[in-house]
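Here's the structure, in structure tokens; my notes come after.
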Amino acid sequence: KAGVTQTPRYLIKTRGQQVTLSCSPISGHRSVSWYQQTPGQGLQFLFEYFSETQRNKGNFPGRFSGRQFSNSRSEMNVSTLELGDSALYLCASSWGGQMNTEAFFGQGTRLTVV
Amino acid sequence: GQQVMQIPQYQHVQEGEDFTTYCNSSTTLSNIQWYKQRPGGHPVFLIQLVKSGEVKKQKRLTFQFGEAKKNSSLHITATQTTDVGTYFCAAVSSGSARQLTFGSGTQLTVLP
């Protein structure tokens, strides 16, 4: 079956702009989690959506938001971009939730803020 | 908040040597997961441990969960060049407000 698909793969934005990233989970998976990965901070949990509801949230400012649609596809939005938001953004899908069951990661979106 | 320490940060081994990475949490965990990320790749789920004192094996990989559910280890026997990558633990806190925290990872280099 198809894996987790993230689009776009690469993105360059200017400071102050906003960006929307997309994640299509594996068919049948109801949970989508988002992560930020940087060399300095490692892998940090942003939030998890399950059946269109945000179930868990990490310690990120309100500029980071997300949503999940009825087909389980998820989007993540970052407003008022800062240089420090440059990172690899990963999403992971799972059947029962990232915290309980095996999660499958997408290839990620590499965001560069200039 | 929950803190997860993973050591060592880097490990270089000769092919055929063993390798171990450790994760320690400041709080009791509900469960812990292990992932492997190859250079330029994305994390791949390896295993989940749930029970106190649990030991699971996958071929040359042995995973352990401490009796107090505060620490875990991943041991690779007789490393191969295909084992190269960064190994992460992902700790899930217990209690009503569960959090998932990734360790900083151990970057393994295997020299042929």
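When reading the values below, keep in mind they use all heavy atoms of this one structure, side chains included, and skip hydrogens, waters and symmetry mates. Not measured: the values here are computed from a predicted model.
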| query | Regarding A:Glu102 and B:Gln33, is there a side-chain donor-to-acceptor distance under 3.5 Å anywhere? | reply | no
| query | Shared ILVMFWY cluster between A:Leu21 and A:Leu81, side chains joined below 4.5 angstrom? | reply | yes
| query | Is chain B contacted by the side chain of A:Leu90, its backbone, both, or neither, given a heavy-atom distance below 4.5 Å? | reply | side chain
| More than 12 heavy atoms from other groups under 6.0 Å of CZ on B:Arg60 | yes
| field | Residue part contacting chain B, namely of A:Gln37, when any heavy atom lies under 4.5 Å | value | side chain
| Taking atom OH of B:Tyr22 as the centre, does the number of heavy atoms from other residues, nucleotides or ligands within less than 6.0 Å exceed 12? | no
| field | Residue pair A:Ala103 / B:Tyr35: nearest heavy atoms and the distance that separates them | value | CB-OH, 3.6 Å
| Do you know which two heavy atoms are closest between A:Met99 and B:Leu100, and how far apart they sit? | CE-N, 3.5 Å
| request: Examine A:Val4 and A:Phe105 and state if one hydrophobic cluster contains both, with Ile, Leu, Val, Met, Phe, Trp and Tyr joined whenever side-chain heavy atoms are less than 4.5 Å apart. | output: no
In a table with atom names and distances, give each donor-acceptor pair under 3.5 Å that connects a side chain of residues 103-112 of chain B to protein atoms at least two apart or in another chain.
{"residue": "B:Thr106", "atom": "OG1", "partner": "B:Pro8", "partner atom": "O", "Å": "2.5"}
{"residue": "B:Thr106", "atom": "OG1", "partner": "B:Thr21", "partner atom": "OG1", "Å": "2.8"}

| Got a second to check how far A:Thr101's OG1 is from B:Gln48's CD, nearest 0.5 Å? | 7.5 Å
| Checking A:Ser33 against chain B: side chain, backbone, both or neither under 4.5 Å from a heavy atom? | neither
| query | For A:Phe104, is it the side chain, the backbone, both or neither that has a heavy atom under 4.5 Å from a heavy atom of chain B? | reply | neither
| salt bridge (charged side-chain N to carboxylate O under 4.0 Å, His left out) partners of B:Lys56, counting only residues at least two apart | B:Glu54
